[in-house]
Amino acid sequence: MSVDKTSQPIKPLRIAVLVSGSGSNLQVLIDAMQAGALPIEIVGVISNREDAYALTRAKDANIPVAVLSHVASGKRMGIKTFEAHANEQLVAWQPDLIVLAGFMRVLSGSFIDNAPAPMINLHPSLLPVYKGLDTHQRVLQAGDRYHGCSIHKVTAELDAGQVLTQAVLSVDINDTAESLQSRVQKLEHKLLPWTILLLAKSVLSLEAESTSQANQYLPTLPLQLFITS
Ligand code: GRF
């Protein structure tokens with residue numbers, strides 16, 4: 001259990017992480033947890049792909065995993081079946097927060113509403129612009145000067161829940177979709193632990209629409225971060 005500056009022990013925030021791919025964001029959380037830099041406990045990782053490298057990262061850190069592959073024995077697992085198994089697993093882990101970190105399956109409103117904890121998602125654009133896929137390409141096509149990533153509350157409407165935090169970069173004249181993806185991902189690796197720290201310390205809350213909005217002395221959401229490297 002970590003201790004804050006007032007010597008008050010902080011109860012670790014129990015986090016379940018849903019993944020589909022490499023899991024570099026999961027790794028950042030694992031590293032921060034192991035270093036004692038974040039008051040969290042990752043209670044489990046669910047992947048909808050059995051070949052996701054994120055699973056190796058979780059297993060190496062002795063974190064329980066559940067593989068709910070969207071294709072089993074050549075058959076596609078329907079979203080309802082996936083959600084029933086995922087809900088059962090999440091209820092067993094009793095998380096305080098569910099983090100979608102590169103999770104590529106669209107979840108139903110009833111799954112989200114009945115989940116045992118609120119959910120946040122990491123999205124590679126400055127929401128509300130560029131919901132959905134191919135965000136880097138779309139930013140380039142539009143000739144935007146700024147791009148970045150957002151962490152938002154998950155609601156039934158895709159990528160449309162309250163945006164909590166964003167990290168912003170300037171698009172360079174030489175940027176390609178690949179370079180933007182890599183630069184945005186570096187921002188994600190800062191934004192995710194920073195946001196989770198704010199949630200763990202109750203600076204941000206997911207229960208009401210937004211607690212910090214209720215305080216006239218605090219900035220309105222989303223909180224934006226310009227990160228210089
Ligand atoms: C992230 O770049 C995120 O923006 C997108 O999927 C990627 C996941 O990366 N939705 P990783 O699996 O955490 O490495």
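Values in this document were obtained by computation on a predicted structure and should not be read as measured data. Indexing begins at 1, ligand by ligand and atom by atom, following the structure's order. Note that these values count all heavy atoms, side chains included, but never hydrogens, waters or copies made by symmetry.
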Applied to residues 186-199, the salt bridge (charged side-chain N to carboxylate O under 4.0 Å, His left out) test, sequence neighbours excluded, yields none
I'd like the atom pairs linking ligand 1 to the protein - N or O on both sides, separation under 3.5 Å - with distances to 0.1 Å.
unit_1   : atom_1 : unit_2 : atom_2 : d
ligand 1 : 2 (O)  : Gln185 : NE2    : 3.4
ligand 1 : 2 (O)  : Glu188 : OE1    : 2.9
ligand 1 : 2 (O)  : Glu188 : OE2    : 3.2
ligand 1 : 4 (O)  : Glu188 : OE2    : 2.4
ligand 1 : 9 (O)  : Gln185 : NE2    : 3.0
ligand 1 : 12 (O) : Ser22  : N      : 3.4
ligand 1 : 12 (O) : Gly23  : N      : 2.7
ligand 1 : 13 (O) : Ser24  : N      : 3.3
ligand 1 : 13 (O) : Asn25  : N      : 2.9
ligand 1 : 13 (O) : Asn25  : ND2    : 2.8
ligand 1 : 14 (O) : Ser22  : OG     : 3.3
ligand 1 : 14 (O) : Gly23  : N      : 3.4
ligand 1 : 14 (O) : Ser24  : N      : 2.8
ligand 1 : 14 (O) : Ser24  : OG     : 2.6
ligand 1 : 14 (O) : Gln185 : NE2    : 3.3

Sorted by chain and number, sequence neighbours left out, side-chain contact (heavy atoms from CB on, under 4.5 Å) with Ile63 holds for Ile30, Met33, Ile42, Val45, Ala58, Ala61
Report the C-alpha distance between Ser69 and Arg49 in whole Å, list the side-chain angles of each, state the deciding distance to 0.1 Å, and finish with yes or no for side chain to side chain contact (heavy atoms under 4.5 Å, CB included).
CA-CA 5 Å; Ser69 173; Arg49 295 186 62 108; over 6 Å; no
Sorted by chain and residue number, the side-chain hydrogen bond (donor to acceptor under 3.5 Å, both in side chains) partners of Asn48 (sequence neighbours excluded) come out as Ser20
Review point. Taking the side chain as C-beta and beyond, is there a heavy-atom pair between Gln162 and His152 under 4.5 Å?
Key: no
Q. How about Asp175 and Asp172: do any of their side-chain heavy atoms sit closer than 4.5 Å?
A. yes
